[in-house]
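The structure under discussion appears below in the form of structure tokens.
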Amino acid sequence: MKITFLGGAETVTGSKTLVEIDDKKLLVDCGLFQGIKELRKKNWDQFPINPAEIDVILLTHAHLDHCGYIPLLVKNGFKGNIYCTPPTFELTKIILLDSAKIQEEECEHCNKYEYSKHKPAKPLYTISDVENSFNFFKTLDYKTHFSLFNNVFIEFHESGHILGSASIKINIKGETIVFSGDLGRKNPLILNKMTYFTKTDYVVMESTYGNKEHPELDIKKILFEIVLHTYNKGGNLIIPTFSVERAQELIYLFKELKKENLLPPIPIYLDSPMGVNATQVYFNYLNYLNLNKQDLNEMNEAVQLIKSIEISKAVVKDKKQKIVLAGSGMVTGGRVLHYLKRHIGDAKNTILLVGFQAEGTRGRALLEGEREIKFMGAYHQVKAEVLCINALSGHADQSDLLDWLQHFKVAPKEIYLNHGELHQSNSLCTKIKTTLQTNCKVAKMNTVYDLY
Ligand SMILES: [Zn+2]
């Protein structure tokens, strides 16, 4: 068996690991490179092997940096099955369609104003490419022992990161390799806890926060204080929100506050077409969540999901106090811009940032205290109060990662760290070697590792 990291090594995006077992080729995840231009350009490189030679894709979860390259691989000749859990497939559909739509719109805009070097500018893939790729998906539930090829079995297990996310165990003639996938927090807010494995020969583990500890804060209390503070100022609370997981976590927190009668009498809205669709998927897969039917009913009552553009426009115009969760999470686009246009210039209002804000985004500019930001063709003075809660994270921190590894009763022969900036992976690697006394390597891009 050989493994080669074709992405998601020395970086957190573009996850793709090629596993070669005799004459079979598997790809664990098939993600897009995102972020800085140098990384995004890699999506346009020729794929290092002929996609038609890949037998199957195993997809850990629906985030774009794990699934976003699938339509292109299919367009270029991949004809195998793509295995994932049922909710991962549902969320992947939403995320890939949105990705293609954004690319098509950007190209249309580029071509109209002719500011691209490439004439005409083309998307990596279109909505129809995405729809075609859906034909190759097959779903497997957690814990199903599935025979992939002769003497090769796979199992998906909970990883506590987003709905449907999985760690994947591959068993080849009795030898096993576990891909952690993205691991969540030890005690996730609405998901079931991640699975701990006790035995394996090899591990490929993510290391996003390999050198970081998340602060232990009472998020519900902080959220309550911010809501109350904004209410007492007579303002609106605008929360730029990621559509998958973060939106549903916030809905859960608001329902908890409502249940405890702590919320002021103002409406709470989720105004994000993608967020509303994703929330519907969450509600359809209750058995994948650490929630019951009553929680779900209370969540439905606590936050109003805005489904039409007409209602959205009416809510934007409504002068009454409100709380709004709206996409996009980093203020790069989406309906949140309409709310900001109305509310960013008034100190009574609060903008609450609740997720990672990448460099170059408006969210980062707000976080760094810029007093003026440009959107919708104009500059806007930032007079609203900007606050952030950075304790909400979908990723395990260093202690969570070490804890996951400590559940192996016998040390794996080798641990490969992927999905991390180099300084995060390197420092986790040193920590693993010293505290767990095991072999550990930081995965290098395009390097072939011979396992046996
Ligand atoms: Zn992820």
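Both counts, for ligands and for their atoms, begin at 1 and track the order of listing.
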Short side-chain donor-acceptor distance under 3.5 Å, Asn171 and Thr176: no
Examine Lys212 relative to Tyr209 and say whether NZ or CZ is less than 6.0 Å from the centre of the six-membered ring and inside a 45° cone about the ring axis. yes
Any N/O/S atom, side chain or main chain, of His63 closer to the Zn ion (ligand 1) than 2.8 Å? yes
With Lys75 as the cation and Tyr125 as the aromatic partner, state whether NZ or CZ is under 6.0 Å from the six-membered ring centre and within 45° of the axis. no
N, O or S atom within Asp182 nearest to the Zn ion (ligand 1), by name: OD2
For His61, what is the atom name of its N, O or S atom nearest to the Zn ion (ligand 1)? NE2
Mind checking whether the Zn ion (ligand 1) has an N, O or S of His66 under 2.8 Å? no
Would you say the side-chain atoms of Tyr416 and Asn418 include a donor-acceptor pair closer than 3.5 Å? no
